[in-house]
2 protein chains.
Amino acid sequence: MAQRKRKDLQLSEAEWKVMHAVWECAPATARDVLDTLGDETEWAYTTVKTMMTRLVDKGALKTKMRGNTSVYVPALTKNHARTSALRGLLDRAFGGTMGSMMHFLVEEEKLTAKERREILRRLSEDQA
Amino acid sequence: MAQRKRKDLQLSEAEWKVMHAVWECAPATARDVLDTLGDETEWAYTTVKTMMTRLVDKGALKTKMRGNTSVYVPALTKNHARTSALRGLLDRAFGGTMGSMMHFLVEEEKLTAKERREILRRLSEDQA
DNA sequence: TGACGACTTCTACAGATGTAGTATCTTCAG
DNA sequence: CTGAAGATACTACATCTGTAGAAGTCGTCA
């Protein structure tokens, strides 16, 4: 099994959904997460609870009891998770370099004209 | 289980390795792939063979017998696979929009100065 | 012709992921 | 005090992923 350095945790699709909900309404209970997800999923309460328990194991969430209820907060920021996920994609699919992904984006027309302008604007103003 | 439209197949980490090898030396036998991978992995021959069989099932590879040996060719291009993978990352981690990923890249300093210059160059020359 | 090597198909098994039921416990409203 | 509502921990099970052994088949070389 590819054993990437601990700390570089990869989230599964379902886990991302839960994390998004937690980032949105932390500190959150499983019930809060279920409500936040709304009709985005049809999950049973226990499904969410199970995933949150696993996310605690993975180190993506922290939990604390309040009365008889577990309250969860993220153990990493959304940006941190995004960075890991991106890193994973880069490693798997783009030979590990940002450059080759950018090349792909630019050459393969994955960007709309609007996105291009936006990026140009940001990059150049930031660089000045 | 999140049931994305078939066709939008997501490759696992090990599968990416195999696919990279096949793209590199197609048409390729399992042996070719194993050789191409070199010391990148310690896989047994049958491990590679199993994965290639699964990739055929998934529709990522096509196979044909030559004598008593299976010869494989990719059933999708690297760019196609990259697009799917990127799409997956976008959906999972960036709310499904390219824009928010680019925002992340630009604002979060994920790019080196060199990469920025490179992107600027490509974008602007392409846009002219 | 028989052993060796290369290939194939089958089977296996552990860990991760998706999804949820069940049994139990806590609390609050009557 | 009792029961419903809601929380928890445990258990379960199918599928996917990573990894590979076992057994059978075929061609070749001595």
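Note on naming: letters A, B, ... go to the chains in the order of the sequence lines (proteins, then strands), and numbering restarts at 1 for each one. The structure displayed is predicted, hence computed values, not measured ones.
- If you take CG of B:Asp57 and P of C:dC10, they are 12 Å apart, rounded to a whole angstrom.
- Among the candidates B:Val71, B:Asp32, B:Thr63, the single residue satisfying the side chain to side chain contact (heavy atoms under 4.5 Å, CB included) test with B:Pro27 is B:Val71.
- Taking atom CZ of A:Arg66 as the reference point, atom C1' of C:dT26 lies 15 Å away to the nearest angstrom.
- B:Ser12 has a side-chain polar atom (N or O) that falls below the 4.0 Å cut-off from OP1 or OP2 of D:dG18.
- In this structure, A:Glu15 places its CD atom 11 Å from P of C:dT19, rounding to the nearest Å.
- In this structure, CG of A:Leu9 is placed 10 Å from P of C:dT17, rounded to the nearest angstrom.
- With distances taken from any side-chain atom of A:Met51 to the nucleotides D:dA9, C:dT19, D:dG21, the minimum falls on C:dT19.
- At a threshold of 4.0 Å, the pair B:Asp91-B:Arg87 counts as salt-bridged, since one of the basic side-chain nitrogens sits closer than that to a carboxylate oxygen.
- One distance of note links CG of A:Leu11 with NE2 of A:His20; it measures 9.0 Å at 0.5 Å rounding.
- Atom pair B:Met52:CE and D:dA20:P shows a separation of 16 Å (rounding to whole Å applied).
- The distance from atom CH2 of B:Trp16 to atom P of D:dG18 is 13 Å, rounded to the nearest whole Å.
- A donor-acceptor contact under 3.5 Å is not formed by the side chain of A:Thr47 with the base of C:dG18.
- The residue among B:Thr53 and A:Glu42 whose nearest nucleotide of DNA chain C lies closer to the 5′ end is B:Thr53.
- A close approach under 4.0 Å does not occur between any side-chain nitrogen or oxygen of B:Lys17 and OP1 or OP2 of D:dT17.
- In this structure, A:His80 NE2 and A:Thr83 OG1 are separated by 7.0 Å, a value rounded to the nearest 0.5 Å.
- The side chain of A:Thr50 sits closest to D:dC10 out of C:dG18, D:dC10, C:dT22.
- Rounding to the nearest 0.5 Å gives a distance of 4.5 Å between CE of B:Met98 and CG of A:Leu105.
- The main-chain N or O of B:Lys49 is never found under 3.5 Å from a side-chain atom of B:Thr46 such that the two would form a donor-acceptor pair.
- In this structure, the CG atom of B:Leu34 is 15 Å from the C1' atom of C:dG5, given to the nearest Å.
- Put simply, the side chain of B:Arg54 and the base of D:dT15 share no donor and acceptor less than 3.5 Å apart.
- For the pair B:Gln10 CD and D:dT17 P, the interatomic distance rounds to 10 Å; values are reported in whole Å.
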Could you go over nucleotides 5-7 of chain D and give all protein N or O partners under 3.5 Å, atom names and distances?
residue: D:dA7; atom: OP2; partner: A:Arg31; partner atom: NE; Å: 2.7
residue: D:dA7; atom: OP2; partner: A:Arg31; partner atom: NH2; Å: 2.5

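- Counting heavy atoms from C-beta outward, B:Ser70 and B:Lys64 have side chains that stay 4.5 Å or more apart.
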